[in-house]
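Proteins come first, then strands; the chains are lettered A, B, ... in the order of their sequence lines, and each starts at number 1.
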Amino acid sequence: MTTRALQAHVRRSALWLTMPPPEVAAGADWLAPYAHDLGTRPEAGLLPTRARSRASLLTRMLAEVGQQVGLAEAVTEGVVAQDTALVFGSSRGEFRTTEELLAMMCRDDGALSPARFQASVHNHCAGQLSIACQHRGFSTSLASGLHTVAACLEEALGLLAHDSARVVVLVGDEPLPGFVSGAEPTSPARGALAFGLLLAREPADRDLAKLSLLDASRALAEPSAGPDPRWLEINPCAAGLPLLRLLHARQAGEVRLNAPGGAACSVRVEPG
Amino acid sequence: MFAPAPASPRTSILDFNVCCALGMDRESVQRRLLAGESGLAPGSRALPFRTHTGEVRDELAELPEPLGAFDTRLARLLAAAVEPLLPQLRARLQSHAPERVAMVLGSSTAGLDRTERAYAEWMRDGRLPADYSLRTQHDFSAALAVLAHLTGARGPAWVVSSACSASAQALASASRLLRSGRADLVIAGGVDALCEMTLRGFRSLGILSEQPCRPFSATRDGISMGEGAALFLLGRDEPGCATLLGFGESSDAHHMTAPHPEGRGAEAAMRQALARAALAPDAIDMINAHGTGTPLNDSAESLAVERVFGHDTPILSTKGYTGHTLGACGAIEAALTLLSMQAGVLPASLGADPVDPSLRVSVVTAARSARPRRALSNSFAFGGSNVSLVLEVGP
């Protein structure tokens, strides 16, 4: 069987985040076009009205960046369902919805809302977008703490190598519930972030970039850029920001996708 | 630039272990499975409703001292499941770099039971317990940290959390890692612990049975919940005790909690698994159904099985033995399927008798000797995720 390199062509990227203005201004100007005030909720037009009205911030963010990278079009572009795969990632998933359920359990007879229970599963957004886009192919939902972004890219590149012509990667985390973060509503610790990538096996005109996975011996060496620990403290999915910055700026480079301490995962970015 | 090894569609199962309501090791589990002994019993938690659960009633050993901060029921189940695999793993790490040994787990609850208790204390006292840690007890990644410490694996690692298809997806994901050359060995499987939220949640959906679940039965009325862990040591191109021949993964695109009524997504997953295994349907000797005991799942799954396999392939559900172990069920039931095949027995589908006459499939209602060599195992999930695995034992 033919060997395929673990690589992808980036057709589109999207980013949506909420950060207090000082955080955006402090040396991260490139984020300004993507940043929104704390408390803002994305449009998430891909979701049907009823699902959108009930959706968590996480589900809305993932749906929003999914729409921005052309998820619906990518699904219909495929000849068969498996042509387009969906990879979702979130380090903590629908934890704020889970908090609602924890509160219900402490009240009265502890009965739960069935609607909120089904919305608390980690793959809730995956299911909603599968229904919205009528996607019947492969879909997965991953979690790996500070290595969630790396895990999603690894899985996506593996799918492109052998199974799928296109992979949509949607990764995000919403702010932690107050009972665990202890953070005030206006604290930077309340920041939300999600990003999306439309990846393809074959190159095309107007690709943003080509990504190539670096093997372990190269990945262990210090890359040119890695996740900023300050951002990771706020949101684990910020591990994707170095990659997104290169895509935004159409620059070449090598970036690490996860924090030190785990199996190194780095990619080389070559602008299209 | 990274280039994967030549692709091999078959994944070697070098070793495996399972812990569930039937027992804490393969031998105990196999003995009770073949004897037709259910692990379901009245739930031990104080709840305002009746239910039966597949609770692991054996005492779970404490984690070793360095992992004290990670101590949760889920972590203890995982540690119990991996222990018999450690001698072989440590031997293999003599010739494989730790960075070439990956870990992929499936789980739906992670450390939620610990968070439930911590939250209750926070509500009562205004502060979380001093020994509660989000990162080491609640997060999905905590299980990976525990497994890494116990095994020495340092390769790519993630948790699949696609509800009830999670650990079946984990096995498929592991196969992809091997095929792409990113890992030489993968520790893959699933783990989930009982927690109050899931019991109450399924109750709120009206699909939690008060009696032991009865998959495929004319009187089935819902699920029984369970817990446990199953882990597999997977390799590439070397002989093992079994083989993962293929897998299929699809989405229903229908409803968040109900399956496609005609089982179209399930059918797609089964057909894809067979195609990847390069097998015709009549090469399958037994089907381990998802078989939850809900009216909708068992009907939809039966329709799909009938279209793919016809009426005669033996089908059974093991959830009458273990309960529905949620994210762990794909891996646990793959293990139970292998144990059945290794023993040359088709175990009874507990609770199925009398079988719903509208289901036109061949449900195994009494254990019988057979020589099943190849099996297909289904796992279907909230959100419409469907996974089918094709497994083979023997030469």
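For chain A, the nearby part of B:P48 is the side chain; its heavy atoms alone come within less than 4.5 Å. Heavy-atom distances place no part of A:F88 under 4.5 Å from chain B, backbone and side chain included. For B:L112, the part sitting under 4.5 Å from any heavy atom of chain A is the side chain, from C-beta outward, and nothing else. Contacts of A:A150 with chain B are absent, with no heavy-atom separation under 4.5 Å from either backbone or side chain. Contacts between A:A143 and chain B at a heavy-atom distance below 4.5 Å involve backbone atoms as well as side-chain atoms. Proximity to chain A is limited to the side chain of B:H138, based on heavy atoms less than 4.5 angstrom apart. Proximity to chain A (any heavy atom under 4.5 Å) is shown, for B:S108, by neither the backbone nor the side chain. Heavy atoms closer than 4.5 Å to chain A are found in the side chain of B:Y132, but not in its backbone. Within the 4.5 angstrom heavy-atom criterion, atoms from both the backbone and the side chain of A:T98 approach chain B. The part of B:A157 that comes within reach of chain A is its backbone (N, CA, C, O), which places non-hydrogen atoms under 4.5 angstrom from that chain. Proximity to chain B is limited to the backbone of A:S91, based on heavy atoms less than 4.5 angstrom apart. In this structure, the portion of B:Q169 lying under 4.5 Å from any heavy atom of chain A is its side chain and not its backbone. Looking at B:M123, the atoms closer than 4.5 Å to chain A (heavy atoms on both sides) all sit in the side chain, from C-beta outward.
To the nearest 0.5 angstrom, B:E116 atom CD is 4.0 Å from A:M105 atom CE. Here the straight-line distance linking atom CZ of B:R124 with atom SG of A:C106 works out to 9.5 Å at 0.5 Å rounding. Atoms NE2 and CE, from A:H124 and B:M256 in turn, are 5.0 Å apart once rounded to the nearest 0.5 Å. In this structure, A:L159 CG and B:R176 CZ are separated by 4.5 Å, a value rounded to the nearest 0.5 Å.
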Inset, instruction - Show the numbers, then the answer: is there a salt bridge (charged side-chain N to carboxylate O under 4.0 Å, His left out) between B:R200 and A:D109? - result: CA-CA 11 Å; B:R200 289 180 176 273; A:D109 66 352; 5.6 Å; no
Legend entry - Intermediate values then yes/no, salt bridge (charged side-chain N to carboxylate O under 4.0 Å, His left out), A:R136 and B:D252: CA-CA 6 Å; A:R136 293 184 172 82; B:D252 273 1; over 6 Å; no
Inset, instruction - Assess whether side chain to side chain contact (heavy atoms under 4.5 Å, CB included) is satisfied between B:D139 and A:F95, documenting all intermediate values. - result: CA-CA 10 Å; B:D139 283 356; A:F95 196 8; 5.9 Å; no
Legend entry - Intermediate values then yes/no, side chain to side chain contact (heavy atoms under 4.5 Å, CB included), B:E249 and A:T140: CA-CA 9 Å; B:E249 300 167 285; A:T140 191; over 6 Å; no
Inset, instruction - Step by step, work out the side chain to side chain contact (heavy atoms under 4.5 Å, CB included) result for B:V159 and A:H122. - result: CA-CA 11 Å; B:V159 174; A:H122 191 79; over 6 Å; no
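Heavy-atom minimum distance, B:S204 versus A:F117: OG-CB, 4.4 Å.
Options B:A269, B:S141, B:A381 differ in how many heavy-atom pairs under 4.5 Å they form with chain A, and the most are formed by B:S141. Listed options A:P114, A:C133, A:G127 were ranked by heavy-atom pairs under 4.5 angstrom with chain B; first place goes to A:P114. Per-residue heavy-atom pair counts under 4.5 Å with chain B were compared for A:L146, A:L157, A:L101, and the maximum is reached by A:L101. Among B:G383, B:S162, B:A97, B:P98, the residue with the largest count of heavy-atom pairs under 4.5 Å with chain A is B:S162. Most heavy-atom pairs under 4.5 Å with chain A: of the set B:G248, B:A110, B:S173, B:A142, this distinction falls to B:S173. Per-residue counts of heavy-atom pairs under 4.5 Å with chain B were compared for A:A111, A:G89, A:G110, A:S139; the largest is that of A:G110.
Between B:R203 and A:L112, every side-chain heavy-atom pair lies at or beyond the 4.5 Å cut-off. Between A:L102 and B:T115 there is a side-chain heavy-atom pair separated by less than 4.5 Å. At least one side-chain heavy atom of A:S144 sits less than 4.5 Å from a side-chain heavy atom of B:L144. The shortest distance between side-chain heavy atoms of B:S161 and A:L142 does not fall below 4.5 Å. Taking 4.5 Å as the limit, some side-chain heavy atom of A:E154 sits within range of a side-chain heavy atom of B:W158.
Counting only distance, with no hydrogens or angles, the side chain of A:N123 and the backbone of B:F382 share a donor-acceptor pair below 3.5 Å. Not one N or O on the side chain of A:Q118 forms a donor-acceptor pair closer than 3.5 Å with the backbone of B:T257. A donor-acceptor contact shorter than 3.5 Å links the side chain of B:S251 to the backbone of A:G137.
Around atom CZ of B:R117, more than 12 heavy atoms belonging to other residues, nucleotides or ligands sit under 6.0 Å away. Atom CZ of B:R135 is surrounded by 12 or fewer heavy atoms from other residues, nucleotides or ligands within 6.0 Å. Within 6.0 Å of CZ in B:R45 there are more than 12 heavy atoms belonging to other residues, nucleotides or ligands.
Between A:F179 and B:W122, the ring-plane angle classifies as tilted under the 30° and 60° cut-offs.
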